[in-house]
Amino acid sequence: MPMDSFYATLPKIRDFGDLSDPSAFAPLPADWHLCCTDIVNSTGLVREGRYKTVNMIGAAVIAAMRNALASEAFPYVFGGDGASFAVPPHHRATAQSVLGALRSWTEAEYGISLRAAMLPASAIRAKGLDVKVARYAVSDHADFAMFSGGGLAWAEAQMKAGLFAVDPAPQADPPDLAGLSCRWSNTPARHGIILSLVAQPAPGASPQAFARFAAEVLSLAAELEDNGHPVPESGPKLQFPPAGLSIEAQASHGRVPLFLRKIALFFHSSLAGLIFLARRPVGGFDPVHYLSMLRAHSDFRKFDDGLKMTLDCTPAICERIRRHLQQAADAGLVQFGLHEQDAAMVTCIVPSPVEEDHIHFVDGAAGGYTQAAANLAAAFAVKTKDP
């Protein structure tokens with residue numbers, strides 16, 4: 001098998017529970033490159049109420065790479081305040097170019113600093129860690145990559161330390177972010193709490209022990225309606241003016257003046273809103289089917305060197321999950337962070353509204369994964385200081 005066909009030929013796993021089995025993951029080829037990004041001071045931006053912008057930038061990394069590779073399949077994962085992905089050797093230069101352009105673009109458009117790093121899988125294995133990938137199919141038309149092995153978390157730590165950095169490219173053209181959208185309103189919790197969960201294997205924990213733990217957490221989530229999926233069957237709401245209109249306009253105006261792009265997006269959103277309100281097909285677009293696919297194609301749970309979930313959770317199940325996580329942490333099996341809020345949010349990549357390959361990234365609407373990860377880091381820092 002040619003090394004660059006690695007991801008395209010991975011088996012598509014249909015049952016999310018099967019991903020708790022370490023054997024579901026395959027090692028990334030040694031000559032592939034792992035790329036990761038995150039926003040500097042994302043927790044501060046969350047406190048300022050800019051979490052929709054934070055999510056938009058995180059999803060922009062994926063949108064830019066998908067467009068640069070002309071929708072060629074490659075593994076990526078959305079992390080809330082950033083994203084990570086892997087590319088074969090012949091796409092290394094493209095990835096470096098896209099990351100450099102993104103770093104300059106986020107600073108120029110939003111005044112936000114984006115970190116970016118790139119390193120070969122071989123450098124991670126030299127540290128005794130690994131990068132393993134699985135492919136989770138949410139439908140016949142969309143799938144998400146899952147990561148395990150500890151290598152991605154290590155690479156992100158190196159990035160934050162300033163190693164393997166990809167420099168900004170101030171003279172580069174803006175990245176192609178066609179299809180990136182954030183117009184949906186936040187989705188209120190239907191069962192009391194939107195719970196953001198980040199759980200990682202503790203140092204020295206065996207993959208098999210963490211797999212058993214993950215299966216137990218998924219079993220608790222399975223007691224919730226539709227496994228805790230935070231997007232209702234009717235889909236998120238679209239209010240006017242759309243909450244993310246200005247953010248999306250900044251992401252997509254290119255050489256068109258920003259105010260003209262805002263006007264165009266407003267009228268486009270108005271037309272879309274009328275179609276969704278009528279719930280009747282127009283041309284080749286069926287709004288009811290689109291919303292059902294939006295829900296199906298949402299990444300509300302993932303394996304990202306650990307388990308991450310955004311759940312619409314009852315207070316009782318939330319407390320049971322918390323206790324289970326704490327027991328596992330006390331046993332030296334996991335490190336975890338949780339964050340509760342009252343709504344979820346969706347950021348979308350829609351190459352064409354009449355095709356079915358659109359994907360949707362779900363996060364908590366008031367801190368989400370960023371705050372849960374910050375809570376994890378804070379708890380771990382306190383624990384390491386204990387005598």
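Keep in mind that this is a model prediction, so the values were computed, not measured. Residues: numbered from 1 along the sequence shown.
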Give the minimum heavy-atom separation between Ile321 and Cys313, together with the two atoms involved.
-> CD1-SG, 4.4 Å

For residues Pro230 and Arg190, report the shortest heavy-atom separation together with the two atoms involved.
-> O-NH1, 3.1 Å

Provide the full list of salt bridge (charged side-chain N to carboxylate O under 4.0 Å, His left out) pairs with a residue in residues 144-162, sequence neighbours left out, each pair given once.
-> Asp38-Lys160

Does the side chain of His191 come under 3.5 Å of the side chain of Asp312 through a donor N or O and an acceptor N or O?
-> yes

List the steps, then state whether ring-ring contact (aromatic ring centres under 6.0 Å, His included) holds for His324 with Phe213.
-> CA-CA 9 Å; His324 190 69; Phe213 157 80; 5.7 Å; yes

If you look at every heavy atom in Gly100 and Val166, which pair is closest and at what distance?
-> N-CG1, 3.9 Å

Between Tyr7 and Trp32, does a ring-ring contact (aromatic ring centres under 6.0 Å, His included) hold up when you go through it step by step?
-> CA-CA 11 Å; Tyr7 188 68; Trp32 276 49; 7.6 Å; no

Contacts of His339 meeting ring pair (Phe, Tyr, Trp, His ring centres under 6.0 Å) (sequence neighbours excluded), chain-then-number -> none

Between Ser97 (side chain) and Ala93 (backbone), is there a donor-acceptor pair under 3.5 Å?
-> no

Pairing of Arg66 and Asp176 as salt bridge, 4.0 angstrom limit = no

Do Leu152 and Met159 belong to the same hydrophobic cluster, where Ile, Leu, Val, Met, Phe, Trp and Tyr are linked whenever their side-chain heavy atoms lie under 4.5 Å apart, directly or via other members?
-> no

Going only through I, L, V, M, F, W and Y residues with side-chain contacts under 4.5 Å, is there a path from Leu294 to Ile194?
-> no

Measure the CG-CD1 distance between Leu177 and Ile62 for me, rounded to the nearest 0.5 Å.
-> 12.0 Å

Could I get the full list of ring pair (Phe, Tyr, Trp, His ring centres under 6.0 Å) partners for Phe300, not counting sequence neighbours?
-> His229

Hey, quick one: are Met65 and Leu180 part of the same hydrophobic cluster, counting side-chain heavy atoms closer than 4.5 Å, chains of contacts allowed?
-> yes

Ile349 and Val138: same hydrophobic cluster, using ILVMFWY side-chain contacts below 4.5 Å?
-> yes

Anything under 30° is parallel, anything over 60° is perpendicular, the rest tilted; go ahead and classify His358 against His360.
-> perpendicular

All pairs passing salt bridge (charged side-chain N to carboxylate O under 4.0 Å, His left out) where residues 75-87 contributes a residue, at least two apart = none

The side-chain contact (heavy atoms from CB on, under 4.5 Å) partners of Arg322 (sequence neighbours excluded) come to Cys318, Glu319, Leu338, Glu340

CG of Asp21 to CG of Asp15, rounded to nearest 0.5 Å, is 11.5 Å

Sequence neighbours excluded, which residues qualify as ring pair (Phe, Tyr, Trp, His ring centres under 6.0 Å) partners of Phe78?
-> Phe361

Taking all atoms of both residues into account, what is the closest heavy-atom pair of Leu291 and Ser234, and its distance?
-> CD1-O, 3.3 Å

Asp342 atom CG: more than 12 heavy-atom contacts under 6.0 Å = no

Residue pairs passing the salt bridge (charged side-chain N to carboxylate O under 4.0 Å, His left out) test with at least one member in residues 201-220, sequence neighbours excluded, are none

Do Tyr369 and Thr310 have side-chain atoms, one donor and one acceptor, less than 3.5 Å apart?
-> yes

Does the Ser104 side chain pair with the main chain of Ala101, one donor and one acceptor, at a distance under 3.5 Å?
-> no

ring-ring contact (aromatic ring centres under 6.0 Å, His included) between Phe25 and Phe147, worked out = CA-CA 8 Å; Phe25 293 77; Phe147 288 84; 8.6 Å; no

Under the side-chain hydrogen bond (donor to acceptor under 3.5 Å, both in side chains) test, which residues partner Asn55, sequence neighbours left out?
-> Asp363

By ring pair (Phe, Tyr, Trp, His ring centres under 6.0 Å), which residues pair with His91, not counting sequence neighbours?
-> none

What closest approach, in Å, do Pro201 and Phe210 show between heavy atoms, and which atom pair accounts for it?
-> N-CE1, 3.6 Å

With sequence neighbours excluded, give me every side-chain hydrogen bond (donor to acceptor under 3.5 Å, both in side chains) pair touching residues 196-210.
-> Ser196-Gln341

Identify whether Phe276 and Val354 are in the same connected component of the hydrophobic contact network (ILVMFWY, side-chain heavy atoms under 4.5 Å).
-> yes

Can you list every side-chain hydrogen bond (donor to acceptor under 3.5 Å, both in side chains) pair that touches residues 276-294, not counting sequence neighbours?
-> His289-Glu356

Look only at the side chain of Arg135 and the backbone of Asp143, and say whether a donor-acceptor pair between them is shorter than 3.5 Å.
-> no

So, the side chain of Ser219 versus the backbone of Ala215: is there a donor-acceptor pair under 3.5 Å, distance only?
-> no

Among pairs that include at least one residue of residues 119-128, which meet side-chain hydrogen bond (donor to acceptor under 3.5 Å, both in side chains), considering only residues two or more places apart or in two chains?
-> Arg125-Asp130

Search all heavy atoms of Thr43 against all heavy atoms of Ala374 and return the closest pair with its distance.
-> CG2-CB, 3.7 Å

Would you say the side-chain atoms of Tyr51 and Thr370 include a donor-acceptor pair closer than 3.5 Å?
-> yes

